[in-house]
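Report on one structure; see the data block that follows.
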Amino acid sequence: MKKLNGLVAIVTGAGEGIGESIALELSNNGAKIVCVDINKDSGTKTLNKINQNNGEAIFVNSDISKPSQVKEMVKIATSEFNSIDILINNAAKFTFGSVEDVTQEEWEEVLRVNVIGYANCAKECLPFLKNSNRSAVVNLASVSSIIAGPKFVPYNTTKGAVLMLTRSLAVDFAEFGIRVNAVCPGSIHTSATYKHIEHMGTDVEKTLDEFRQSSLLKRQGKPEEVAKAVLFLASYDDSSFITGENLIVDGGLTYT
Ligand SMILES: NC(=O)c1ccc[n+]([C@@H]2O[C@H](COP(=O)([O-])OP(=O)(O)OC[C@H]3O[C@@H](n4cnc5c(N)ncnc54)[C@H](O)[C@@H]3O)[C@@H](O)[C@H]2O)c1
């Protein structure tokens with residue numbers, strides 16, 4: 001019997017990187033997956049991978065920063081699978097810079113995706129999570145929720161907010177038995193790594209090496225390593241008495 005047999009999980013930003021690995025990991029553990037992504041091609045790719053592994057999934061092309069699209073996404077998910085047990089808030093916008101660099105529009109957009117989008121997904125899923133006795137929400141925060149890198153103001157600010165959103169939802173959802181936790185990845189090798197390097201304007205190989213050296217384990221993490229931590233917090237059997245918590249998966253970066 002697989003850990004998540006019979007459960008339905010929504011994974012936002014499932015098209016690539018950490019979200020793709022989470023969708024595959026939860027599917028391998030028996031969950032039916034609602035792959036959500038703003039990018040149709042990458043979302044469909046993840047759906048195809050799940051299908052090839054004999055998993056059950058649908059893809060919903062949705063922008064989590066748009067409340068009407070989040071509502072519609074939940075409607076499609078529940079008309080297909082009838083229930084929602086697990087919500088993984090993973091999709092994010094990577095807006096970097098100092099306060100002098102970032103425009104009003106960029107600020108509003110990054111807050112709409114990384115903070116309000118997470119809250120809206122939780123809000124729309126709530127009636128269904130209440131009906132599950134194995135429900136869980138896992139929010140992707142970051143080591144940027146805890147440590148402030150230079151010229152990273154919008155991203156850092158939103159990821160700090162994700163931690164407090166996690167604790168606040170844990171408080172409010174506890175009466176319904178819904179656990180809400182966060183995972184804080186360190187430097188994980190995905191397309192976001194290259195967005196980060198492009199922003200810094202530094203040499204790619206040299207910067208990759210700096211990222212590796214910044215962790216105690218002297219390497220970047222793999223998306224699959226974050227997905228295992230998310231599975232732990234999503235699985236009632238594994239983490240039934242854990243809520244409002246923040247699991248750091250950074251190879252010791254925050255201890256160096
Ligand atoms: N990669 C890292 O080093 C790292 C470190 C710490 C935290 N994180 C967090 O992990 C999560 C995943 O990061 P990643 O590196 O896999 O990113 P990624 O850019 O590789 O993938 C993000 C996915 O989200 C989708 N997406 C973006 N905006 C969306 C929207 N508005 N609606 C729906 N889908 C949208 C993208 O199309 C993409 O498929 C993010 O929350 C990120 O902040 C990543």
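Counting starts at 1 for both ligands and their atoms, in listed order. Small disclaimer: the values here were computed from a predicted structure and weren't measured.
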Should [X] and [Y] count as an ion pair when the cut-off is N to O under 4.0 Å?
{"X": "Glu225", "Y": "Arg219", "answer": "yes"}
{"X": "Arg212", "Y": "Asp209", "answer": "yes"}
{"X": "Lys228", "Y": "Glu224", "answer": "no"}
{"X": "Asp101", "Y": "Lys151", "answer": "no"}

For ligand 1, is [X] a contact, meaning one of its heavy atoms is under 4.0 Å away?
{"X": "Pro223", "result": "no"}
{"X": "Ser21", "result": "no"}
{"X": "Lys66", "result": "no"}
{"X": "Asn90", "result": "yes"}
{"X": "Ser62", "result": "yes"}
{"X": "Lys195", "result": "yes"}
{"X": "Phe211", "result": "no"}
{"X": "Thr193", "result": "no"}

Asn5 (side chain) donor-acceptor with Met1 (main chain) under 3.5 angstrom: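 It does not hold such a pair.
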Check: Asp203 main-chain N/O paired with Thr207 side-chain donor or acceptor under 3.5 Å: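 A pair under 3.5 Å: yes.
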Test of proximity, [X] against ligand 1: N or O pairs below 3.5 Å:
{"X": "Gly19", "answer": "no"}
{"X": "Ile64", "answer": "yes"}
{"X": "Ile38", "answer": "yes"}
{"X": "Ser142", "answer": "no"}
{"X": "Val36", "answer": "no"}
{"X": "Ser187", "answer": "no"}

What residue and heavy atom of the protein are closest to [atom], and at what distance?
{"atom": "atom 5 (C) of ligand 1", "answer": "Gly186 O, 2.9 Å"}
{"atom": "atom 42 (C) of ligand 1", "answer": "Tyr155 OH, 3.5 Å"}
{"atom": "atom 16 (O) of ligand 1", "answer": "Ile18 N, 2.8 Å"}
{"atom": "atom 3 (O) of ligand 1", "answer": "Ile188 N, 2.8 Å"}
{"atom": "atom 31 (N) of ligand 1", "answer": "Asp63 OD1, 2.9 Å"}
{"atom": "atom 37 (O) of ligand 1", "answer": "Asp37 OD1, 2.6 Å"}
{"atom": "atom 27 (C) of ligand 1", "answer": "Ala92 O, 3.5 Å"}
{"atom": "atom 15 (O) of ligand 1", "answer": "Thr190 OG1, 2.6 Å"}

For ligand 1, which atoms, with element, lie under 4.0 Å from some heavy atom of [X]?
{"X": "Tyr118", "result": "41 (O)"}
{"X": "Gly13", "result": "23 (C), 24 (O), 25 (C)"}
{"X": "Gly17", "result": "16 (O), 20 (O)"}
{"X": "Leu140", "result": "10 (O), 41 (O)"}

Contact partition for Val113 relative to ligand 1, non-hydrogen atoms under 4.0 Å: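 Answer for Val113: side chain.
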Proximity to ligand 1 by part of Lys93, non-hydrogen separation under 4.0 Å: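 Neither part.
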Say whether [X] and [Y], considering side chains only, have a donor N or O and an acceptor N or O under 3.5 Å apart.
{"X": "Asn90", "Y": "Thr12", "answer": "no"}
{"X": "Asn120", "Y": "Glu124", "answer": "no"}
{"X": "Ser191", "Y": "Glu16", "answer": "yes"}
{"X": "Ser187", "Y": "Gln220", "answer": "yes"}
{"X": "Asp63", "Y": "Ser65", "answer": "yes"}

Protein non-hydrogen atom found under 4.0 Å from atom 35 (C) of ligand 1: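 Yes; the ligand atom in question has protein heavy-atom contact below 4.0 Å.
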From the candidates Ala192, Ala141, Gly15, the one that places a heavy atom nearest atom 9 (C) of ligand 1: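 Closest candidate by heavy-atom distance is Ala141.
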Straight-line distance of Leu24 CG to Lys49 NZ, nearest 0.5 Å: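 So the gap between those two atoms works out to 6.5 Å.
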Whether over 12 other heavy atoms sit under 6.0 Å from Tyr236 OH: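 Count not over threshold, so no.
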Residue pair Thr95 / Tyr155, side-chain heavy-atom distance below 4.5 Å: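 No - every pair of side-chain heavy atoms lies 4.5 Å or more apart.
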Within-4.5 Å side-chain heavy-atom neighbours: Cys184 and Ser142: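 No. Closest side-chain heavy atoms not under 4.5 Å.
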Closest heavy-atom pair and its distance - Ile188, Thr193: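 Looking at all heavy atoms of both residues, the closest pair is O-OG1, 2.9 Å.
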Whether Phe152 and His199 hold their rings parallel, tilted or perpendicular, with breakpoints at 30° and 60°: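 Taking His199 first and then Phe152, their aromatic rings stand perpendicular (interplane angle over 60°).
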